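Would you mind keeping the following structure in view while I ask a few things?
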Amino acid sequence: MNFSEVFKQSNHLCKVSPDGKYLATCVQYRLVVRDLSTLQILQLYTCLDQVSHMEWSSDSLFILCAMYKRGLVQVWSLEQPDWHCKIDEGSIGLVSSRWSPDGRHILNTTEFHLRITVWSLCTKAVSYIKYPKACQKGIDFSRDGCYMALAERRDCKDYVSIFVCDDWHLLRHFETETQDLAGLEWSPNGCVLAVWDSCLEYKVLLYSLDGRLLSTYCAYEWSLGVKSVSWSPSSQFLAIGSYDEKVRILNNITWKKIVQFEHPATIDNTKAIVYKEVDRRPAVVSDELSLHNITMGSTLFSTQSKYEICPLPVQIPVVKPEPDRANPKIGVSVLAFSSDSRYLATKNDNMATAVWVWDMQKMSLDTVLEHTSAVRCVMWDPRRPRLALCTGNSKLYLWSPGGCVSVQVPAEGSFQVQSLKWHCSGDSVILLGKDQLCLCYMDTDYEEK
Amino acid sequence: IDRPILEGPDISSISHVTLSPSRHNHVPGYSLPLSRSSYSVISAFCTEDNVPQSISYLNQELAVLGLSMCIEASSAEGASLKAVPVLNTMYELLQINKRNMCALEEMEKEQLKKLSTLEHIQISNSRLKDQLELSMREKSGLHETERQLQLKIKTLQSCLKTEKEEVQKLQSIIASRASQYSHDAKRKEREAAKLKERLSQLLVDRKERKLAIDVLNSLGRSDGKRSMWKTAKLSASHESEMYKTLLGDYETSRKALILENAELKKVLQQMKKEMMHILAPRQQSTSGATAADDSQEQVESDEEKAGNTSREAFDHSCELAREQLLNSIRQQWRKLRNHVEKLDQVSQVHNQMESNKETIPLETHEDEMERMRQEVQQCREFIHAQQQLLQQQLNTSFDDETAALLNDCYTLEEKERLKEEWKLFEEQKKNFEKERKNFTEAAIRLGREKMSFEEDRAAWLKNHFLNATPFANRRRYSSSDGQSALSVRSEPEVRMSSAKAKRSKSPTYTTFSTPKPSRSSPVPSTTELYRTLRLLPDGSCSKHSNRGRWLETSTVEEGHPQIKSNLQARAGEMSIFTFGEDHSVT
């Protein structure tokens with residue numbers, strides 16, 4: 001495992017191009033594009049203001065930089081550095097900007113969700129979509145990029161519009177049976193749209209592409225409901241995490257619950273392994289450098305840690321949420337399927353230090369990773385069943401079915417990993433600190449073993 | 001005629017109790033004979049003067065008692081009575097008295113019994129009372145607790161009610177709040193929508209900063225095609241595209257399902273085959289293959305064939321094949337289930353049999369035990385024999401040392417045992433010796449006493465003989481009597497006296513039995529005998545004392561063989577004593 005040197009970045013704006021060749025980072029108002037293999041700067045673009053959002057187009061040819069405060073979007077071309085494009089949303093303001101899947105259109109959501117402006121880079125044409133709903137996830141493109149589902153609110157009712165992304169033709173428009181729609185997500189095969197209600201009501205609706213209601217699922221009533229929803233990459237399962245600290249898995253044939261994963265404070269499931277992160281003083285470390293830790297240049301003033309297998313039963317620390325605060329810190333907020341749909345990683349917000357890995361074949365708890373501090377980010381390797389996570393300290397944590405390891409980032413000064421992103425090949429991870437970034441290259445040979 | 005008079009002093013001499021006629025009413029049984037006995041007493045019932053009155057009174061009383069006999073005076077003066085009726089009445093009265101006594105005794109017994117039962121009942125009664133009290137107390141305690149619990153229940157119920165009310169209130173509040181909230185939310189949303197509308201209008205109207213796109217060159221489409229005009233045709237094509245994707249999805253899912261189905265079918269077939277395989281030989285072996293079963297099997301095999309053929313023609317008639325497959329599987333399954341049930345039953349029966357086997361044959365068990373015991377015995381014998389053989393072999397074949405050692409081992413044991421026995425024997429012997437010593441001593445003492453007594457007697461006799469006394473004749477007589485008693489005393493008399501001596505131990509008996517000897521032999525009168533036996537101070541006649549001694553000696557001298565025989569006859573344990581005595585005497 002190797003680490004690159006540290007680069008500057010701001011606002012965690014750092015993205016690898018979809019083809020995996022380039023790395024774009026924003027430093028204040030500058031956009032830097034590097035070759036990932038050499039980390040040489042290929043291009044340097046200067047934006048009009050500090051960039052709030054940056055995004056690669058799907059063909060890895062263009063980069064979008066949005067400056068929300070100014071209501072401006074600038075697009076840069078990698079092939080033609082001289083080419084430029086500037087979109088001004090005017091005084092209406094801008095809260096969100098994104099590429100359409102074809103990489104030739106930009107969708108800008110205006111302040112107050114008044115409308116969505118669709119700009120075409122081909123024809124300079126502009127079109128509006130009115131009444132978009134301001135919600136958790138009001139817009140989703142199907143994986144193949146053909147269709148866009150958009151949540152709308154008209155006349156105090158929720159609607160879903162399905163557009164053909166090719167020419168923004170409105171394919172379907174239908175009312176949903178929700179009180180207050182909170183989000184929608186296409187199944188990976190693009191045929192089923194999952195729609196869920198706001199946390200006040202547990203309701204998940206499944207619509208076909210042609211707008212037919214396939215099924216409705218409601219686990220319970222009179223309590224805070226759905227917190228997160230995630231499709232398995234195979235479209236076979238729909239995982240629903242809710243405020244009752246449970247994950248329910250629906251199947252794709254009957255849309256009924258197959259299994260329910262609970263997150264108990266005491267783990268006594270003998271089939272599960274519990275890894276607990278244990279701090280170690282640096283003094284002890286020198287002779288106990290494990291195989292994985294060997295590459296670490298032992299930085300002097302940082303504590304080392306390692307995972308230890310805990311004998312069952314294990315008590316997971318639980319933080320009681322404040323009841324009179326909005327968005328209570330309880331319930332399953334993170335749901336992530338591994339790329340092969342074999343594992344599901346979850347995080348329960350009132351047990352923020354633990355990540356739970358469930359085996360979807362055995363439909364049971366596989367592993368629990370308990371850390372010394374709250375988990376910030378959990379990401380699956382896009383190619384292998386390998387989980388990377390960080391807890392806001394200088395360590396990177398990796399889990400795979402074979403075991404797990406914590407790796408000290410050998411950066412000078414304090415480099416605290418607050419977020420991370422996998423390279424699409426799964427060969428490297430980009431670690432994002434507060435205003436720095438670092439690449440971590442996986443030992444591919446070792447992993448192939 | 002004189003008998004009552006004769007009896008009078010006899011009875012009075014024994015009973016010193018005089019009963020007044022006043023008691024007569026209470027205890028007629030007693031008073032009747034006693035009243036006559038109080039003949040000489042002044043305050044008697046009957047005096048010389050009132051004989052007829054008393055007779056009439058007695059007659060009345062007898063009539064009252066239900067006795068038809070009446071006492072008649074033999075003469076007009078009534079000085080004497082006719083003996084026969086009086087005796088009869090007496091007898092009757094005695095009988096009555098006896099009966100009454102018996103009854104009384106029984107009644108007393110009864111009373112005693114009753115008393116004891118009464119006591120018992122009283123005790124149990126008191127105990128029960130205690131229990132009752134206790135249970136009453138318990139009951140009251142329970143009542144109290146029940147009351148308290150009921151009170152608690154009541155309070156809890158009231159609490160529950162209030163809680164329920166609270167809940168209802170809260171629910172209604174929630175509902176109202178919810179409705180209010182939704183209403184407000186809607187209102188606000190409408191307002192917001194209006195505001196948004198207005199804002200967008202304003203923004204559109206205000207043209208100071210237009211939305212604009214500034215592109216250097218327009219880009220080509222990512223797919224390289226040119227954009228098309230929005231036409232109905234295009235929308236239709238979109239529709240068809242959508243349906244195509246949907247169809248594709250369904251197609252893939254269908255394919256997956258078909259694949260799954262096929263796999264499941266395979267599994268089913270496999271299962272079926274295995275079931276057939278399992279079922280077929282068993283049923284043959286169990287010979288439970290009745291005609292019906294056979295026919296069923298036949299049908300099934302036919303169906304299976306059909307299923308097979310149809311499976312081959314799966315594409316043509318999917319449903320038919322499925323149905324047949326399902327049917328056959330179902331039948332097979334039923335069969336298997338039946339079989340399993342049968343097996344279960346069989347196993348149950350087996351279990352029962354086994355349990356029966358375990359429970360029933362207590363006799364066989366015992367037999368087995370007996371057999372095993374015998375075996376053990378045999379084994380022991382065998383071992384013993386082997387041991388012996390070994391020993392012999394050792395004795396013969398082994399060298400002297402080991403043989404001696406082994407011999408020592410065995411003989412040591414034997415010796416020890418013998419020693420113990422010897423010790424026991426010695427102890428017994430010692431005891432025996434002690435006893436013997438005692439007895440010899442006793443015998444010697446007896447002999448000495450006898451000798452001294454003999455000497456005494458000789459001296460005494462000599463004295464009597466030589467001394468001239470005023471009662472010479474008498475002395476001579478007595479001496480002759482003593483002589484005769486000493487030498488030619490008839491056996492029966494001696495025995496009688498010995499019996500008397502023996503019987504003197506129970507004075508009551510003697511009093512009753514006195515009349516018999518007095519009648520047969522008038523020589524020793526009862527009073528005299530009484531005196532002699534009780535050793536009453538009688539200084540007047542030395543002859544009596546002499547006789548008493550005589551009697552004693554005679555019992556000692558000549559009674560002893562009799563005693564000996566008696567004792568011998570009685571018990572074996574006394575044989576030692578007799579032996580000792582015998583020994584001492586001889």
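All values reported here derive from a predicted model rather than from experimental measurement. Just so it is clear: chains get the letters A, B, ... in the order the sequence lines come, proteins before strands, and each one is counted from 1.
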Chain B contact via Trp83(A) - side chain, backbone, both or neither, heavy atoms under 4.5 Å: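 Both backbone and side chain of Trp83(A) come within 4.5 Å of chain B.
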Suppose a student defines contact as a heavy atom less than 4.5 Å from any heavy atom of chain A. Which residues in residues 158-184 of chain B would they list?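 So the qualifying residues are Tyr181(B).
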Checking heavy atoms, do the side chain of Asp82(A), its backbone, both or neither come under 4.5 Å from chain B?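 The answer is the backbone of Asp82(A).
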Grab the two heavy atoms, one from Glu89(A) and one from Thr117(A), that are nearest each other, plus how far apart they are.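 Glu89(A) and Thr117(A) have their closest heavy atoms at OE1-OG1, 3.2 Å.
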Who wins among Glu239(B), Arg190(B), Glu197(B) for the most heavy-atom pairs under 4.5 Å with chain A?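 The candidate making the most pairs under 4.5 Å is Glu239(B).
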Checking Asp102(A) against His105(A): is there a side-chain donor and acceptor pair closer than 3.5 Å?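 Short answer, yes.
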What I want to check is whether the side chains of Asp167(A) and His238(B) have a donor and an acceptor closer together than 3.5 Å.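 Short answer, yes.
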Just by distance, with hydrogens left out, do Glu201(A) and Trp222(A) show a side-chain donor and acceptor under 3.5 Å apart?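 There is no such pair between these side chains.
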Is it the side chain or the backbone of Leu61(A) that comes within 4.5 Å of chain B heavy atoms, both, or neither?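 For Leu61(A), no heavy atom lies under 4.5 Å from chain B.
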Tell me whether Arg337(B) is salt-bridged to Asp344(B), with the criterion being a basic N under 4.0 Å from an acidic carboxylate O.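 Looking at Arg337(B) and Asp344(B), the cut-off is not met.
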When Ile87(A), Leu114(A), Asp155(A) are compared by non-hydrogen pairs under 4.5 Å with chain B, the top option: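 Looking at each of Ile87(A), Leu114(A), Asp155(A) in turn, Leu114(A) comes out on top.
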Ion pair present between Arg104(A) and Asp59(A), side-chain N to carboxylate O less than 4.0 angstrom?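 Salt bridge between Arg104(A) and Asp59(A), a charged N being under 4.0 Å from a carboxylate O: yes.
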Hey, do the aromatic rings of Tyr159(A) and Phe174(A) have their centres closer than 6.0 Å?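 So the answer is no for these two rings.
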Taking side chain as everything from C-beta outward and backbone as N, CA, C, O, which of these in Leu200(A) sits under 4.5 Å from a heavy atom of chain B? Side chain, backbone, both or neither.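 The answer is the side chain of Leu200(A).
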Indicate whether any N or O donor in one side chain lies under 3.5 Å from an N or O acceptor in the other, for His339(B) and Glu341(B).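 Side chains of His339(B) and Glu341(B): no pair found under 3.5 Å.
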Any idea which heavy atoms bring Trp76(A) and Cys47(A) closest together, and the distance?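 In this case the closest contact between Trp76(A) and Cys47(A) is NE1-SG, 3.5 Å.
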List the steps and the verdict of side chain to side chain contact (heavy atoms under 4.5 Å, CB included) for Ser223(A) and Tyr202(A). CA-CA 8 Å; Ser223(A) 184; Tyr202(A) 196 113; over 6 Å; no
Judged by modelled atom types alone, do Thr176(A) and Asp158(A) share a side-chain donor-acceptor pair under 3.5 Å?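 No donor-acceptor contact under 3.5 Å links the two side chains.
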Side chain, backbone, both or neither: which part of Arg153(A) has a heavy atom under 4.5 Å from chain B?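 Looking at Arg153(A), just its side chain touches chain B.
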Choice from Arg172(A), Gln179(A), Arg115(A) maximising heavy atom contacts with chain B below 4.5 Å: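 Greatest number of close heavy-atom pairs with chain B: Arg172(A).
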Go through the atoms of Ser120(A) and report whether side chain, backbone, both or neither lie under 4.5 Å from a heavy atom of chain B.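 For Ser120(A), backbone heavy atoms alone lie under 4.5 Å from chain B.
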For chain B, find which of Asn252(A), Asn189(A), Leu171(A) contributes the most heavy-atom pairs closer than 4.5 angstrom.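 Most heavy-atom pairs within the cutoff with chain B belong to Leu171(A).
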